[in-house]
Amino acid sequence: MIDFRSDTVTKPTDAMRKAMAQAEVGDDVYGDDPTVNRLQDMAAERFGFDSALFVSSGTQANLLALMSHCERGDEYLCGQQAHNYKFEGGGAAVLGSIQPQPLNNQADGSILLADIEAAIKPDDVHFAHTRLLSIENTIGGKVLPQQYLADAQALAFNRGLKIHLDGARVANAAVAQNVQISEITQYFDSVSICLSKGLAAPIGSILLGDERLINKAVRWRKMLGGGMRQAGIIAAAAELAITDQVERLAEDHDNASLLAQHLMAMPEFSVDVSQVQTNMVFAELDKRFDVNHLSLLLSQQGILISATYSLRFVTHKDISRQDVLTFVDVLKKCLPQVTVQ
Ligand SMILES: *Cc1c(COP(=O)(O)O)cnc(C)c1O
């Protein structure tokens with residue numbers, strides 16, 4: 001199978017499976033799992049934080065961050081397109097009584113600083129307390145400029161807000177800019193990082209913060225049912241995600257760029273290549289073609305895509321350069337068979 005639906009489909013490497021089989025474990029709710037502890041210490045050190053917490057998913061990492069920064073009746077500012085607003089089931093509102101204040105994302109993924117300023121509520125009984133600014137990088141595969149992050153941090157600091165990074169794919173942002181991940185995370189009070197996407201761990205995310213925030217997050221995690229026992233089994237793979245898989249992401253970016261070039265040369269698709277900065281390609285398929293039929297034909301040839309007219313292709317460890325070229329060939333054969341009458 002060549003699976004373009006998401007980088008979440010990556011399988012663990014052989015080295016990860018071996019490390020998992022051999023992992024030393026203990027009961028992590030007691031703080032006894034040496035592999036989890038080593039992972040958390042390593043992540044905190046590498047990414048420049050006091051503390052780190054290994055959690056089950058990116059959604060859980062974001063929810064713990066929101067619930068640890070904000071109290072009932074507080075609000076967080078975020079993008080309309082933010083994962084932790086749009087794609088996390090309204091968890092902050094449902095479970096934390098925290099109100100999101102979504103703001104427009106610009107074409108480059110950023111939120112205008114003026115829009116952030118204007119959305120900060122005065123201290124008045126009519127309003128929720130604005131506590132937190134949440135930024136996402138990469139967002140829709142796009143990288144936010146370092147200067148923008150510095151400016152957002154300064155704004156948050158000056159207005160008494162905390163600042164969180166949904167860094168599910170921050171490793172892609174770092175590799176694309178040829179900087180260390182810590183050069184991006186330095187601007188934030190807390191950061192969530194997915195290890196189970198391009199970094200290929202089977203399960204898990206990391207939440208970074210100061211000791212006080214992480215202590216709160218440990219409590220919320222337990223309440224949410226996320227306290228894990230011999231979690232060293234999965235932490236062993238998560239360690240290798242951080243140490244061995246970051247630099248490799250450059251191949252995914254090259255493959256996305258290759259795919260974008262090919263799609264751009266096909267009249268059936270329109271692609272904005274300026275938006276192809278990491279491992280995602282967005283392409284519009286002309287309405288003369290039946291996208292569901294196309295998706296079906298491709299799947300019969302072992303290629304999986306998400307079927308909407310605005311197509312998103314995600315490249316990752318388990319898609320090679322040759323797979324991209326194979327896909328382009330198969331696509332060219334399939335398109336004439338899926339025209340709408
Ligand atoms: C995938 C993703 C998440 C959530 O991660 P899960 O592990 O799928 O819960 C959060 N934020 C962003 C930007 C993501 O892409």
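Read the numbers this way: they start at 1 and go in the same order the structure lists the ligands and their atoms. Sequential numbering from 1 along the given sequence is applied to the chain's residues.
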| message | Once you restrict to heavy atoms under 4.0 Å, what part of Ser57 touches ligand 1? Side chain, backbone, both or neither. | response | both
| note | Within 4.0 Å of some non-hydrogen atom of Glu88, the atoms of ligand 1 are 10 (C), 11 (N)
| In ligand 1, which numbered atoms sit nearer than 4.0 Å to a non-hydrogen atom of Ala168? | 2 (C), 11 (N), 12 (C), 13 (C), 14 (C), 15 (O)
| field | Per-atom contacts of ligand 1 with Asn62, taking only distances under 4.0 Å to non-hydrogen atoms | value | 10 (C), 11 (N)
| request: Say whether, by atom type as modelled, one donor and one acceptor occur between the side chain of Gln60 and the main chain of Ser57 under 3.5 angstrom. | output: no
| Hey, is ligand 1 close enough to Arg169 that some N/O pair sits below 3.5 Å? | yes
| request: Would you check if the side chain of Lys142 reaches a backbone N or O of Ala107 as a donor-acceptor pair within less than 3.5 Å? | output: yes
| field | Distance from atom 5 (O) of ligand 1 to nearest protein heavy atom, with residue and atom | value | Gly58 CA, 3.3 Å
| Joint cluster assignment, Val36 & Ile214, ILVMFWY side-chain distance < 4.5 Å | no
| said: I'd like to check which ligand 1 atoms, numbered from 1 as shown, lie under 4.0 Å from a non-hydrogen atom of Cys194. | reply: 5 (O), 7 (O)
| query | Of the backbone atoms (N, CA, C, O) and the side-chain heavy atoms from C-beta on, which set of Thr59 has a member under 4.0 Å from an atom of ligand 1: side chain, backbone, both, or neither? | reply | both
| said: Tell me the contacting part of Ser192 for ligand 1: side chain, backbone, both, or neither, using a 4.0 Å heavy-atom threshold, strictly below. | reply: neither
| field | Phe327 and Phe4 aromatic ring geometry - parallel, tilted or perpendicular at 30°/60° bounds | value | tilted
| task | Using heavy-atom distances, let me know which of Glu136, Met280, Lys197 sits nearest atom 1 (C) of ligand 1. | result | Lys197
| said: For the backbone of His83 and the side chain of Glu136, can you confirm whether one donor and one acceptor N or O come within less than 3.5 Å of each other? | reply: yes
| request: Examine distances only and state if a side-chain atom of Thr326 and a backbone atom of Gln322 form a donor-acceptor pair shorter than 3.5 Å. | output: yes
| task | Go through the structure and list residues passing salt bridge (Lys or Arg N to Asp or Glu O under 4.0 Å) with Arg38, not counting sequence neighbours. | result | Glu239
| query | Looking at ligand 1, does Gln60 have a heavy atom less than 4.0 Å from it? | reply | no
| query | Is the closest N or O pair between Asp166 and ligand 1 shorter than 3.5 Å? | reply | yes
| Linking Ile, Leu, Val, Met, Phe, Trp and Tyr through side-chain heavy atoms less than 4.5 Å apart, which residues share a cluster with Val314? | Met280, Phe282
